[in-house]
Amino acid sequence: MRAERFTALLYRQRWTLLALTTVHAFVLHYFVIGFPSWDGFTYRLPPVVELVQHGDFGMTRFNQWAFVGHLPFLELANLPFLYVFKLRGLYIGVPLVVYPLCVYAVYACGRELTGDPRSATFGAIAYAALPMVNQQPYAGYIDFILAALIAYFVYAVLRLRTTTRPGWSFVRVVVATVLVTMSRVHALYIVVVLTPCLIYPSFCQRTRWRVTVADRRGLWRALAAIALGAAPMIALQIYRFVHYGTPTYPLQFAVLGITIGNGKPALEHMRAGGVHDGSLLELGRAAIRGWIWLGRWPKIGFFDSREQGGGFVAWVAAPLLPTFVRRATRVERWLVVGCVVVSVLAHDFAIPRYAYTLVVALVVVIGRAMPALLEGGRRHRALFWFASVVLLAHGCRPEVDLLAIHRGGFSPRLNIASSPYADQTFVPFPDIHGRFVIIDGVAEGMVLPIYGADLDNEILETVPADALGARCAGLAAVLAREPTALFIDDKDETRDCQRTCQFTTTTGACRAYRIVPP
């Protein structure tokens with residue numbers, strides 16, 4: 001009976017538990033740990049900061065492939081908080097607003113799928129437990145949001161079956177489809193694959209080999225809402241195909257041997273995630289490293305999605321799979337199969353950070369199976385307690401990350417909150433109210449650190465290295481217009497210019513030069 005009482009307690013206190021874990025992580029990150037990220041500061045957030053400063057995304061300013069054709073859609077969640085709280089607003093918009101909404105979306109999906117609030121609660125806990133990379137929202141990554149948006153899309157479509165307000169449900173599906181498809185260039189294809197996996201078991205029935213539509217009106221309502229919601233991304237991909245030659249630009253479109261355009265190949269993109277080639281053997285090895293067994297212990301910190309980036313959630317889902325298969329409904333089976341098919345086609349199962357649909361599948365499996373274990377014998381209850389302890393223990397990830405700081409595991413950690421560990425972090429560029437000219441990008445695309453904490457610094461323009469001219473003559477016009485501007489040149493391309501070092505980092509490297517007339 002203790003397991004039943006524990007489950008009932010979790011359900012009664014589900015919102016209190018969410019609030020406590022959110023505040024706990026926020027306090028540790030803001031006051032102690034800092035803002036651990038690389039990609040978040042490199043290209044996820046700079047366009048939004050540029051929008052605050054200049055009124056446009058400024059994506060043509062920087063020498064970074066992701067800026068070309070990138071649409072910062074989900075990242076706009078940070079916009080109002082950056083306006084009000086400046087750079088520290090990054091600690092508010094996603095961690096304290098978007099993250100709880102994501103957990104609720106997963107909860108709503110589980111409740112609609114199973115009709116059991118206990119299953120929904122465990123599914124939401126499983127989602128919150130998945131690190132995927134860099135403490136999820138506290139790192140500047142937006143990837144974890146897409147898994148929740150997919151769950152919300154599933155909820156919206158399934159809700160059409162039982163709703164008493166068809167008009168509002170239609171709007172909900174439209175909104176959910178817009179949010180999912182506009183979040184990533186390939187999310188449209190996720191919707192295309194998942195739609196029949198939801199439509200068929202929800203609105204159709206089969207007698208032997210004969211399939212009939214049980215709810216014709218609901219079917220057409222769902223299809224019309226999905227088509228309407230996907231229309232903006234369809235139009236955008238048609239434009240990209242006409243303008244760039246590939247609908248998923250800046251990535252190359254490639255699936256099932258079909259390749260369109262000359263964008264960045266998906267394999268090259270995945271190499272940064274630890275996948276060295278596209279063979280099934282290598283994909284399998286990467287998946288084991290990311291989900292099951294790192295092979296290098298003790299594991300300290302979940303800052304790298306290539307190394308146990310799924311935490312230990314897959315350890316929980318694997319022994320629960322037989323229980324799920326026995327107890328799952330028709331819709332749940334089709335959904336999990338569809339999610340796995342998407343992940344296999346996209347090869348994203350190898351990297352937890354990119355495995356959006358696989359995350360949804362894990363959440364559905366765990367959510368359905370956990371309450372079912374309560375009806376079994378002693379072994380099932382032992383498995384229930386094992387799964388509960390492992391999932392809830394993931395709430396201590398901030399403490400594990402803090403231990404990683406002491407061991408020197410994180411690099412860099414961009415601490416915008418002046419935590420006590422600032423001397424162990426990569427400190428952003430000083431907030432000196434300066435105006436900057438970037439020479440051929442900054443530190444392999446590292447752009448945002450030169451924005452001060454108050455967002456007072458402004459990037460004027462980017463000068464390609466081949467435009468410097470003899471003894472940097474190409475900078476003369478810029479110098480005439482902006483005599484007090486600083487020239488950011490981490491690659492030392494302006495070494496032939498007459499210049500003086502203006503700011504030096506704690507490591508002794510020059511961070512910005514002032515160009516002086518000859």
Side-chain angles (χ1 to χ4, degrees), residues 25 35-48 64-67 70-78 90 93-95 97-103 105-106 126-153 179-191 194 233 248 250-251 264 266 269-275 286-287 289-291 301-311 313-314 339 342-343 346-363 394 397 401 445 448:
F35 194 95
S37 180
W38 177 264
D39 286 5
F41 274 99
T42 302
Y43 66 91
R44 303 280 191 188
L45 298 173
V48 183
Q64 223 280 357
W65 74 269
F67 284 130
H70 175 63
L71 183 66
F73 182 71
L74 295 180
E75 290 84 346
L76 291 175
N78 293 292
L90 297 177
V94 173
V97 178
V98 176
Y99 177 68
L101 290 175
C102 287
V103 176
V106 173
Y127 169 77
L130 277 161
M132 289 189 278
V133 68
N134 280 101
Q135 288 292 324
Q136 296 201 60
Y138 297 92
Y141 288 101
I142 314 295
D143 292 322
F144 78 97
I145 299 180
L146 184 52
L149 289 180
I150 294 172
Y152 183 68
F153 170 77
L179 290 175
V180 173
T181 55
M182 294 294 286
S183 60
R184 290 292 182 268
V185 294
H186 59 281
L188 174 64
Y189 306 98
I190 294 177
V191 169
L194 289 187
M233 177 50 76
T248 58
L251 294 173
K264 185 173 184 177
H269 183 56
M270 293 180 69
R271 281 196 181 101
V275 179
R289 290 195 302 268
W291 290 102
F302 295 101
F303 52 88
D304 193 339
S305 186
R306 298 166 295 185
E307 300 179 354
Q308 205 68 36
V313 177
C339 288
V342 169
S343 193
H347 291 173
D348 61 19
F349 62 89
I351 306 174
R353 172 183 167 188
Y354 300 141
Y356 313 119
T357 58
L358 197 57
V359 167
V360 175
L362 289 172
V363 165
H394 280 72
R397 289 199 312 271
D401 270 4
L448 192 57

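FYI, the numbering just counts along the sequence from 1. Just so we're clear, the structure is a prediction, and the values are computed from it rather than from any experiment.
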Looking at every heavy atom in both [X] and [Y], which two are closest together, and how far apart are they?
X    : Y    : value
L188 : M233 : CB-CG, 4.0 Å
S183 : L149 : CB-CD1, 4.3 Å
W291 : A355 : CZ2-CB, 3.9 Å
A105 : Y152 : CB-CB, 4.0 Å
Y127 : C102 : OH-CB, 3.5 Å
L90  : P95  : O-CD, 3.4 Å

Could you check if a side-chain atom of H394 sits within less than 4.5 angstrom of a side-chain atom of V313, using non-hydrogen atoms only? yes

F144 vs V94 side-chain heavy atoms within contact, under 4.5 Å: yes

Rounded to the nearest 0.5 Å, what's the gap from [atom1] on [X] to [atom2] on [Y]? Could you check?
X    : Y    : atom1 : atom2 : value
L194 : I190 : CG    : CD1   : 7.0 Å
L74  : R184 : CG    : CZ    : 6.0 Å
I150 : Y356 : CD1   : OH    : 8.5 Å
I145 : L179 : CD1   : CG    : 10.5 Å
R397 : L130 : CZ    : CG    : 8.0 Å

Show the numbers, then the answer: is there a side chain to side chain donor-acceptor pair (under 3.5 Å) between Y354 and D143? CA-CA 7 Å; Y354 300 141; D143 292 322; 5.9 Å; no

Treating T181 as the side-chain partner and A187 as the backbone partner, does any N or O pair qualify as donor plus acceptor under 3.5 Å? no

